[in-house]
There are 2 protein chains.
Amino acid sequence: MKFSKATDYALHALVYMIHRDGDTVKIPVQDLSVALNVSTTYLSKVLTRIVKANYITSTSGAKGGYRLQQNWENVSVYDIVVAIDGVQTLFEDSFDHGSECRIQAAMMEAQENLISTLKNKKLKDLTV
Amino acid sequence: MKFSKATDYALHALVYMIHRDGDTVKIPVQDLSVALNVSTTYLSKVLTRIVKANYITSTSGAKGGYRLQQNWENVSVYDIVVAIDGVQTLFEDSFDHGSECRIQAAMMEAQENLISTLKNKKLKDLTV
DNA sequence: CCAATTAAAGATATTATAAGTCTATTATAT
DNA sequence: ATATAATAGACTTATAATATCTTTAATTGG
């Protein structure tokens, strides 16, 4: 019952990018790793997933780096969680009691609540 | 971002006990482990934590077993989660950005929502 | 008291996953 | 060409969850 550190890193990296006008300027992972005090290799591995999910773009080579997509304001915290950890299930029932299992139903309901809370949190809300 | 299997086992064991009038009858772990198809040793290890948290009682020896406390109807799913896994934090910020960190604040809010949902789910709701 | 039964405790093993490193490769600007 | 920067893949390390095994303590009934 925990989010990954990788998600934490990603969110902090994104917020840092936003503060540095990362939608118009490319920011190399080097800068981010200094700011967050996380190794460049690991952080770049994390950010690659955000690139794959299309919330940022990357350009290799000199003067390269990561840049926020134009629509970043609408990206939710949940989007980032999914980009990093995949679609997570908070609760996986070890038993197969079918759809009428009330334990499973209760946990699913809690899970849906959590997800909708995280969907309503946009990156923009993290920076204002 | 997951609950433990142990919590799942505990919830299923409790629901089984409720269905078997476990507040008046003692049920040995042997019965539970057959019903859930989980090893007796592991299940008893899990249930011991529920005993320590005082939601069930146990008596050793012949004719012993586990029995629900009288107030079982008011025990919440969250109580069981805490009894098994301890007070969990869904999100532990790797950084020390202080209380004004909006990422942390957002995650905490989501976490509080989740917890209150689980506090509102009582064992009774799982059995009706 | 004795034998059978049952939970608890402690040590240990197993597995799974996250976290992190290292090296090589590919892409880009000057 | 050279320096810079992201990506990919193999690999290691760390950590926690899951599970087993064995011993000990408690309880019942004869």
Side-chain angles (χ1 to χ4, degrees), chain A residues 1-10 12-13 17 22 25-34 36-68 81 83-86 88-95, chain B residues 1-10 12-13 17 22 25-34 36-68 81 83-86 88-95:
Chain A
M1 189 182 161
K2 248 188 198 0
F3 288 98
S4 66
K5 277 192 175 191
T7 295
D8 193 21
Y9 294 167
H12 278 276
M17 288 172 76
V25 172
K26 283 176 269 182
I27 301 177
V29 75
Q30 175 67 22
D31 290 19
L32 295 163
S33 83
V34 169
L36 304 190
N37 195 31
V38 172
S39 79
T40 57
T41 46
Y42 189 56
L43 191 55
S44 88
K45 181 151 287 191
V46 170
L47 291 179
T48 297
R49 295 193 236 176
I50 306 293
V51 172
K52 292 250 171 68
N54 222 36
Y55 302 124
I56 61 179
T57 58
S58 66
T59 46
S60 297
K63 308 279 178 187
Y66 296 100
R67 174 146 40 184
L68 292 162
V81 169
I84 300 294
D85 293 326
Q88 287 289 333
T89 45
L90 208 48
F91 187 80
E92 271 175 45
D93 204 310
S94 309
F95 308 103
Chain B
M1 189 179 161
K2 247 187 197 3
F3 287 98
S4 65
K5 279 192 175 191
T7 296
D8 193 22
Y9 294 167
H12 279 275
M17 287 172 77
V25 172
K26 282 175 269 182
I27 302 178
V29 74
Q30 173 68 22
D31 289 19
L32 295 163
S33 83
V34 169
L36 304 189
N37 195 32
V38 173
S39 79
T40 56
T41 47
Y42 189 57
L43 192 55
S44 91
K45 182 151 289 194
V46 170
L47 292 178
T48 298
R49 295 195 237 176
I50 306 292
V51 173
K52 292 252 170 69
N54 221 38
Y55 302 124
I56 60 178
T57 57
S58 66
T59 46
S60 296
K63 308 278 177 191
Y66 296 99
R67 174 145 42 182
L68 292 161
V81 169
I84 298 295
D85 292 326
Q88 286 289 334
T89 47
L90 208 50
F91 187 79
E92 272 176 44
D93 204 310
S94 308
F95 308 103

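Heavy atoms only: backbone and side chains are in, while hydrogens, waters and symmetry mates are out. Each chain gets a letter, A, B and so on, in the order its sequence line appears, and its residues count up from 1.
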Closest to side chain of B:Tyr66, choosing from D:dT7, C:dT30, C:dA7:
C:dA7

Pick base, sugar-phosphate or nothing for A:Val38, based on heavy-atom distances below 4.0 Å to the nucleic acid.
nothing

Report the relative orientation of the aromatic rings in A:Phe95 and B:Tyr9; use parallel for angles under 30°, tilted for 30 to 60°, perpendicular for over 60°.
tilted

Can you name the closest pair of heavy atoms from B:Thr40 and B:Val29 and give their distance?
O-CG2, 3.9 Å

Can you name the closest pair of heavy atoms from B:Ser39 and B:Ser33 and give their distance?
C-CB, 4.1 Å

B:Val51 side chain: which of C:dA8, D:dA10, D:dA6 is closest?
C:dA8

How many Å lie between NZ on B:Lys63 and C1' on C:dA7, as a whole number?
16 Å

Starting at the 5' end of DNA chain C, which residue's closest nucleotide do you reach first, A:Ser60 or A:Lys5?
A:Lys5

Is any side-chain N or O of A:Lys52 under 3.5 Å from a base N or O of D:dT7, one able to act as donor and the other as acceptor?
no

Give the rounded distance in Å between these two atoms: CG of A:Leu32 and C1' of D:dA5.
12 Å

For a quick test of reading the model: is some side-chain N or O of A:Ser39 closer than 4.0 Å to OP1 or OP2 of C:dT21?
yes

Taking for each residue the nucleotide of DNA chain D with the nearest heavy atom, is it B:Asp85 or B:Ala62 whose nucleotide lies nearer the 5' end?
B:Asp85

Establish, with yes or no, whether the OP1 or OP2 oxygen of D:dA17 is under 4.0 angstrom from a side-chain nitrogen or oxygen of B:Tyr42.
no

Whole angstrom is fine here: how far is it from NZ in B:Lys45 over to P in C:dG10?
9 Å

B:Asp8 vs A:Phe91, side-chain contact (heavy atoms from CB on, under 4.5 Å): CA-CA, chis, key distance, verdict:
CA-CA 8 Å; B:Asp8 193 22; A:Phe91 187 80; 3.1 Å; yes

Check step by step if side-chain contact (heavy atoms from CB on, under 4.5 Å) holds for A:Ile84 and A:Ile50.
CA-CA 7 Å; A:Ile84 300 294; A:Ile50 306 293; 3.6 Å; yes

Across the strands shown, which category fits A:Lys26 at heavy-atom distances under 4.0 angstrom: base, sugar-phosphate, nothing?
nothing

Would you mind telling me which residue lines up with the more 5' stretch of DNA chain C, B:Thr59 or A:Gly64, judged by nearest nucleotide?
B:Thr59

Under 4.0 angstrom, heavy atoms only, what part of the nucleic acid is B:Phe3 near: base, sugar-phosphate, or nothing?
nothing

Should B:Ser58 be listed as having a side-chain N or O under 4.0 Å from OP1 or OP2 of C:dA8?
yes

Tell me what B:Thr48 touches on the nucleic acid: a base, only sugar-phosphate, or nothing, going by heavy atoms under 4.0 Å.
sugar-phosphate

In whole angstroms, how far is the C1' atom of D:dA6 from the CD atom of A:Gln30?
13 Å

Interatomic distance where CG belongs to A:Asp8 and P belongs to C:dA18 [whole Å]:
15 Å

